[in-house]
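Written below as structure tokens is the structure these notes are about.
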Amino acid sequence: ACAGFPRVSADWILGPGLDAVTLLEELTEAVDLGVEHVSLYILELHPGTDLARRVAAGELQLAPDAETEALYLGCVEHLARLGLAQYEISNFARPGAECRHNLRYWHNEPYLGLGPAAAGFLNEVRYKNVADTAAYVAAIRAGRSPRAEEERLPPERRVRETAMLELRLTSGIDRRRFAARYKEDPVALFAAAIEPHRADGLLVVNETSIRLTRRGLLLADTVIADFL
């Protein structure tokens with residue numbers, strides 16, 4: 001892929017069957033071949049899947065949280081040594097190779113979703129198109145909207161969602177940009193959510209940003225929920 005495309009991203013899921021030595025060797029091999037962007041996810045079990053059934057039946061065991069945390073942090077350090085800096089909870093890139101598409105999500109900016117089941121966010125409206133291809137094509141040919149769902153965000157929710165999404169970035173919430181966009185200082189606006197997590201060492205607040213600490217990134221869902 002790297003021989004034929006100017007930008008290539010590779011994904012890994014940390015789950016059963018992985019060992020640290022092999023994983024770090026794979027990451028090194030990928031970067032040596034020219035991969036400039038890596039996504040690293042921790043496995044989530046979903047009800048109704050064969051994997052969830054096997055775990056519930058005791059046929060397969062998930063690694064303890066401490067082991068998974070050590071594996072994840074080892075990957076973070078290894079990718080940094082390879083020149084891929086962490087810029088979001090699950091994403092790493094060489095400078096300039098960050099995913100521009102996903103950065104729009106994390107800054108809560110508009111994006112256009114085209115095609116069956118695609119989601120978009122335009123003019124303060126989130127929408128999702130019909131999933132069935134034939135129904136989507138029929139709507140387009142008839143000059144009808146293919147949207148199956150629409151939701152107009154109230155201003156307060158938009159503000160909270162922006163804070164929640166930007167906290168996923170290692171740079172965190174840019175206080176000046178946020179204040180210019182919403183006419184409110186995020187530190188004052190989210191004081192009740194910030195203080196306990198700052199006291200626990202999960203958040204860092206300074207003159208320019210509000211961001212998760214390294215430990216905070218591992219507990220991001222807990223912190224972010226309070227901003228919503």
query = Within the distance-only criterion (no hydrogens, no angle test), does the side chain of Arg7 pair as donor or acceptor with the backbone N or O of Ala97 below 3.5 angstrom?
reply = yes
query = Could you walk me through whether Arg168 and Ile224 pass the side chain to side chain contact (heavy atoms under 4.5 Å, CB included) check?
reply = CA-CA 8 Å; Arg168 292 186 59 89; Ile224 286 171; 4.0 Å; yes
query = With no hydrogens and no angle check, do the side chains of His197 and Thr222 hold a donor and an acceptor under 3.5 Å apart?
reply = no
inquiry  = For Ser39 versus Ser9, what's the shortest heavy-atom pair and its separation?
reply    = OG-OG, 4.3 Å
query = Can you find a side-chain donor-acceptor pair between Asp65 and Thr68 that sits under 3.5 Å?
reply = no
inquiry  = I'd like to check Thr22 versus Asp19 (side-chain heavy atoms, cut-off strictly below 4.5 Å). Are they in contact?
reply    = yes
query = How long is the span from the CG atom in Leu217 to the OH atom in Tyr72, to the nearest 0.5 Å?
reply = 5.5 Å
query = Step by step, would you call Cys99 with Asn91 a side chain to side chain contact (heavy atoms under 4.5 Å, CB included)?
reply = CA-CA 9 Å; Cys99 179; Asn91 288 270; 5.7 Å; no
key: Atom CG of Asn206 with >12 non-hydrogen neighbours under 6.0 angstrom   = yes
ask   = Given side chains that start at C-beta, do those of Arg158 and Pro155 come closer than 4.5 Å, heavy atoms only?
value = no
remark   = d(Asp226 CG, Arg160 CZ) to nearest 0.5 Å is 10.0 Å
query = Shortest non-hydrogen contact from Ser209 to Ser171?
reply = CB-O, 3.7 Å
inquiry  = Does Glu29 have more than 12 heavy atoms from other residues, nucleotides or ligands lying within 6.0 Å of its CD?
reply    = no
Close side-chain approach of Leu202 and Arg215, heavy atoms under 4.5 Å = yes
inquiry  = Can you confirm whether Asn102 sits close enough to Glu88 that some side-chain heavy atom of one is under 4.5 Å from a side-chain heavy atom of the other?
reply    = no
request  = Kindly indicate whether the side chain of Pro16, heavy atoms from C-beta on, has any atom under 4.5 Å from the side chain of Leu43.
outcome  = yes
query = Under 4.5 Å between any side-chain heavy atoms of Ile210 and Asp174, yes or no?
reply = no
key: Modelled atom types, side-chain donor and acceptor of Glu166 and Trp106, under 3.5 Å   = no
ask   = Below 6.0 angstrom between ring centroids: does that apply to Phe92 and Tyr87?
value = no
key: 4.5 Å side-chain heavy-atom contact, Leu203 and Thr213   = no
task = Would you mind reporting whether Leu165 and Tyr105 have side-chain heavy atoms less than 4.5 Å apart?
result = no
key: From Leu27 atom CG to His78 atom NE2, the distance as rounded to the nearest 0.5 Å   = 5.5 Å
inquiry  = Does this structure show an ion pair linking Glu161 with Arg126, if we count only N-O contacts that are shorter than 4.0 Å?
reply    = yes
inquiry  = Could you report the tightest heavy-atom contact between Val159 and Leu189, atom names first, then the distance?
reply    = CG1-CD2, 3.5 Å
task = Give, for atom CG of Leu40 and atom SG of Cys75, the distance between the pair rounded to the nearest 0.5 Å.
result = 5.0 Å
request  = Take Glu195 and Arg198 through the test salt bridge (Lys or Arg N to Asp or Glu O under 4.0 Å) and record every step on the way to the result.
outcome  = CA-CA 5 Å; Glu195 289 312 315; Arg198 179 160 61 174; 2.6 Å; yes
query = Can you hop from Leu219 to Val76 via hydrophobic side chains spaced under 4.5 Å?
reply = yes
note = To the nearest 0.5 Å, atom NZ of Lys128 lies from atom CD of Glu151 at 12.5 Å
request  = Provide the closest heavy-atom pair for Thr162 versus Arg181 in the form atom of the first, atom of the second, distance.
outcome  = CG2-NH1, 3.7 Å
Closest non-hydrogen atom pair between Leu33 and Cys2, with its separation = O-CB, 3.2 Å
message = So that I can tick it off, tell me whether Arg157 and Glu124 are bridged by a salt bridge, with the cut-off set at under 4.0 angstrom between side-chain N and carboxylate O.
response = no
request  = Please test Val137 against Arg141 for side chain to side chain contact (heavy atoms under 4.5 Å, CB included), starting from the C-alpha separation and ending with a verdict.
outcome  = CA-CA 6 Å; Val137 172; Arg141 286 180 171 169; 3.6 Å; yes
task = Decide side chain to side chain contact (heavy atoms under 4.5 Å, CB included) for Gln86 and Leu169; before the verdict, give the C-alpha distance in whole Å, the side-chain angles of both, and the deciding distance to 0.1 Å.
result = CA-CA 9 Å; Gln86 184 178 24; Leu169 297 165; over 6 Å; no
task = Find out if a path of hydrophobic residues (ILVMFWY) with successive side-chain heavy-atom gaps under 4.5 Å connects Leu103 to Ile173.
result = no
ask   = Out of curiosity, does Val125 fall in the hydrophobic cluster containing Tyr111 (side-chain heavy atoms, cut-off under 4.5 Å, transitive links)?
value = no
query = Donor-acceptor pair, Asn129 side chain versus Gly115 backbone, under 3.5 Å?
reply = yes
ask   = Hey, quick one: are Leu228 and Leu212 part of the same hydrophobic cluster, counting side-chain heavy atoms closer than 4.5 Å, chains of contacts allowed?
value = yes
key: In one Ile/Leu/Val/Met/Phe/Trp/Tyr side-chain cluster, 4.5 Å: Leu45, Ile13   = yes
ask   = Looking only at heavy atoms, what is the nearest atom pair of Arg94 and Val31, with distance?
value = NH2-CG1, 3.3 Å
message = Could you tell me if His37 and Glu98 have a donor-acceptor pair between their side chains, going purely by distance under 3.5 Å?
response = no
inquiry  = Other members of the hydrophobic cluster containing Tyr127, with the 4.5 Å side-chain heavy-atom rule, please.
reply    = Leu112, Leu114, Leu122
note = One should read off an interatomic distance between Phe190 CZ and Glu184 CD, to the nearest 0.5 angstrom, of 8.0 Å
task = Could you walk me through whether Arg53 and Glu59 pass the salt bridge (Lys or Arg N to Asp or Glu O under 4.0 Å) test, one step at a time?
result = CA-CA 9 Å; Arg53 180 195 62 76; Glu59 298 173 11; 3.3 Å; yes
request  = Using a strict 4.0 Å threshold on nitrogen-to-oxygen distance, state whether Glu207 and Arg175 make a salt bridge.
outcome  = no
query = More than 12 non-hydrogen atoms from neighbouring residues, nucleotides or ligands closer than 6.0 Å to CG on Asp221, yes or no?
reply = no
request  = Show your working on salt bridge (Lys or Arg N to Asp or Glu O under 4.0 Å) between Arg104 and Glu109 and close with a plain yes or no.
outcome  = CA-CA 5 Å; Arg104 294 196 70 83; Glu109 295 173 345; 3.6 Å; yes
